[in-house]
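Residue numbering restarts at 1 for every chain, and letters A, B, ... go by the order of the sequence lines.
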There are 2 protein chains.
Amino acid sequence: MAPQSSRAGNPRAPGVRDGAVADDALAESAGFADRTGRPMARVRIEDVAAEAGVSMKTVSRVLNEEPNVSEATRERVRAVVERLQYRPHPSARVLAGRKSYLVAMLYDNPSSNYLMEVELGVLDACQAQHYNLMLAPLVYDAKDIVSKVESLVLQSRLDGVVLTPPITDDAALLARLDELEIPWSSISPTESNRRIGVVVDERSAVAEMIAHLVSLGHRRVAHIKGHAAHGASAWRLAGYRDGLAQAGIEPDEALVVQGEFSYDSGFAAANHLLDLPDPPTAIFAANDDMAAGAIGAICERGLSVPRHVSVCGFDDTPIARHIYPTLTTVRQPTREMGRLAGLELLKAIRDRDEGGLVTVPYTLQLRRSTGPRPA
Amino acid sequence: MAPQSSRAGNPRAPGVRDGAVADDALAESAGFADRTGRPMARVRIEDVAAEAGVSMKTVSRVLNEEPNVSEATRERVRAVVERLQYRPHPSARVLAGRKSYLVAMLYDNPSSNYLMEVELGVLDACQAQHYNLMLAPLVYDAKDIVSKVESLVLQSRLDGVVLTPPITDDAALLARLDELEIPWSSISPTESNRRIGVVVDERSAVAEMIAHLVSLGHRRVAHIKGHAAHGASAWRLAGYRDGLAQAGIEPDEALVVQGEFSYDSGFAAANHLLDLPDPPTAIFAANDDMAAGAIGAICERGLSVPRHVSVCGFDDTPIARHIYPTLTTVRQPTREMGRLAGLELLKAIRDRDEGGLVTVPYTLQLRRSTGPRPA
DNA sequence: CTGTTAGCGCTTTCAC
DNA sequence: GTGAAAGCGCTAACAG
């Protein structure tokens, strides 16, 4: 998961059946208008067929990479398509075919930077294959999410869906999607819900981060956990424990406090930690927003980061570079993750036996918020 | 777009004809599947016509709010539509009609929180009227923006476009859109490019902000300007001057430095200001990111905000609440602005004589980054 | 005020 | 390997 950020304010949450679509056309200069500025008639499949001396159906076959076309014809058709700058009319395709060429990305916190990035990645994948992406922001509520998604899927004739945390782990929803035979691809699902999608080894990433803290001399390292409903919270907590164990540090449960991925929860959790009789010298927050909150709480007490307390987060959202001090955090290739999730989904849509789970690498971003343990 | 996915690029940025689409369907519980989970056949306009005892065309008229239908028939058809939970097939509409039910939002910085919010608002408007939104991230480059947009518009048969700064002020583009008879709606355009869209009185907002600073005792108030290509930079600068004038403070050009809306530029600008022989006691940055950068620079020198220097920004992006100290800034109702821009555009699409410029109110968000002038 | 007839541009049969 | 015909679901055009 991703930690959603709860920045209110931000970003995007889209709506229904609207989506945002971008067209490759942008990258090209299709010749759709002459100098007079009057649009020229659109090139149709019929024109391509005539020009190539084949039937419409053959052109269609080439376009959709279907079999039963000789390599020679295929090449000839491709050349004409290219020359005429032909682009199939999406609506006609949808109407005539049985596919909708539409996939949706389901998410519940439209304003997180994390999701925006992911969305861009999914969009990359979709546009590359001429699929459309529908944004489906949901107010996550286990009670009716199944029926909501069901009507969305059926109404919009979705060809597949990309799931983001914590929706990735709603067993009832996953089961229903399977019944409806709608392929789904997950981003950072928990172990038990993996099938098609993308994951990063968050656990190892966190363990590495803890090792970094330990190398700076810290022994009392606290952890602010993420929202309980998110699988990521569990992974990150496990990584924290691994890191401590690897360093031979006795875990102290008093140093593990609950947060919920929001700035405010990080702020409150840090205050709690600092009030402890034997406070930590370093804090690992399960995401950047909470880390920012922790830094706020520390500063508010007149203490300094990292001189008095080191703080680190997870996600490397933009805020990590925009707060003072800049935040040490774990970077996941968010956009790439979205792209890969989209790619795997499209594979599965084409062939139910395709599509798999891909693992992407993380990177530790060491910045100014972590430093040597105070003397 | 439509149905396609829309965001081009970006995260949506995708590409082509893909977009993010969200469907109202989400909000409903269309009865598209029986208990067995098997989807039922989709209700078509023909079914509605038969059920209501009228022709398809009449149903179509009711659906599109066209004239020439008696109120009685209208009501009867509406009832059947409701009972059958009929929803027109978007692709069929597009294919048959001459409208694409697709508008695009043109922007150039896909990752800003500001744009994400705006996008959500535009999406709100689109989905409410069953329009699709295509996201069209552009790498803004005056040289070829006209042809890029032109091919996008023609290729995707856009019904209209929403422009965001600084694209709002590209005269050549606006002229071309007019030639192509594509309605356009702008968000925060400069005075000379206003016609349909949304604006806030940024100038007064800034003047008020300066008055706030003055009321705290500040006399040496600096300004970090925004990117020169953005109309907003000029407004905010004008507001700064107004504020100073109203307070009877002699402007000092040394206190006005160029920024470019980025964190780094704010950081650099603040450093420059602090190095001045007679440095300012307060800094008004033209946006929040630069204000954050200024705070970073100030902290780096071991100074404290607002004890040594007060800082304020503009936009009230999420970062304003997530940095320490929290940032005093001007809040614009970004999402609402997107919604209104979309609404006015749709009006103009329906009737070329409709749609206008609406002004929305701003609010000063007084937080912790501004305080009394140091003794 | 209302209905009938053609397609929109593409993909599906199903034939060759 | 390839093509001809028949729609997908809706709206435009032209009747009444």
Decide if atom CD of A:Glu65 counts as having more than 12 heavy atoms of other residues, nucleotides or ligands within a radius under 6.0 Å.
-> no

More 5' along DNA chain C: B:Ser55 or A:Ala96, using each one's nearest nucleotide?
-> B:Ser55

When you check the phosphate oxygens OP1 and OP2 of D:dC10, does a side-chain N or O of B:Tyr86 lie under 4.0 Å from one of them?
-> yes

Write down the atom of A:Ile182, the atom of A:Val161, and the distance for their closest heavy-atom approach.
-> CG2-N, 4.3 Å

Can you find a heavy atom in the side chain of A:Arg350 that is under 4.5 Å from one in the side chain of A:Lys347?
-> no

OH of B:Tyr101 versus P of D:dC10: gap in Å, rounded?
-> 12 Å

Using whole Å, report how far CD1 of B:Ile45 lies from P of D:dC8.
-> 14 Å

Main-chain N/O of A:Tyr101 paired to A:Asp159 side chain as donor or acceptor, under 3.5 Å | yes

Would you jot down, in residue-number order, the residues of residues 66-79 of chain B having a non-hydrogen atom under 4.0 Å from DNA chain D?
-> none

Hey, does the side-chain of A:Lys57 have a donor or acceptor N/O within less than 3.5 Å of a partner on the base of D:dA4?
-> no

With rounding to the nearest 0.5 Å, note down the distance linking CG in B:Leu63 to CZ in B:Arg74.
-> 10.5 Å

Atom CG of B:Leu95 and atom P of D:dG7: how far apart are they, to the nearest Å?
-> 16 Å

Work out which heavy atom in B:Val153 is nearest to a heavy atom in B:Leu177; give both atom names and the distance.
-> CG2-CD2, 4.3 Å

A:Leu340 and its side-chain contact (heavy atoms from CB on, under 4.5 Å) partner, picked from A:Ile187, A:Val198, A:Val122, A:Leu345 | A:Val198

Separation of D:dC10 atom C1' from B:Arg44 atom CZ, nearest Å, is 11 Å

Any chance you could measure B:Leu343, atom CG, to B:Asp124, atom CG, to the nearest 0.5 Å?
-> 10.0 Å

With B:Glu51 as partner, the option from B:Val80, B:Val81, B:Val77 fulfilling side-chain contact (heavy atoms from CB on, under 4.5 Å) is B:Val80

Whole angstrom is fine here: how far is it from CZ in A:Arg61 over to P in D:dT2?
-> 8 Å

When B:Ala92 and A:Lys99 are each assigned the nearest nucleotide of DNA chain C, the 5'-most assignment goes to B:Ala92

Find the distance B:Arg93:CZ to D:dG9:C1' and express it as a whole number of Å.
-> 11 Å

According to a 3.5 Å limit on both distances, what stems of 3 or more consecutive Watson-Crick or G-U pairs are formed with DNA chain C?
-> C:1-4 with D:13-16, C:6-16 with D:1-11

Determine the contact category for A:Val54: base if any of its heavy atoms lies under 4.0 Å from a base atom, sugar-phosphate if only primed atoms, P, OP1 or OP2 are that close, otherwise nothing.
-> sugar-phosphate

Hey, does the side-chain of B:Arg87 have a donor or acceptor N/O within less than 3.5 Å of a partner on the base of D:dG9?
-> no

Please report the shortest heavy-atom distance between B:Leu158 and B:Ala104, naming the atom on each side.
-> CD2-CB, 3.6 Å

Do the side chain of A:Ser100 and the main chain of A:Arg157 share a donor and acceptor less than 3.5 angstrom apart?
-> yes

When you compare D:dC14 with D:dC10, how far apart are their P atoms, in angstrom units rounded to a whole number?
-> 23 Å

Exercise: identify the closest heavy-atom pair between A:Asn68 and A:Arg61 = O-CD, 4.0 Å

5' to 3' on DNA chain C, which nucleotides open and close the contacts with chain A (atom under 4.0 Å from a heavy atom)?
-> C:dG9 to C:dT13

Nearest-angstrom distance from the residue atom CZ of A:Arg157 to C1' of D:dG9 = 9 Å

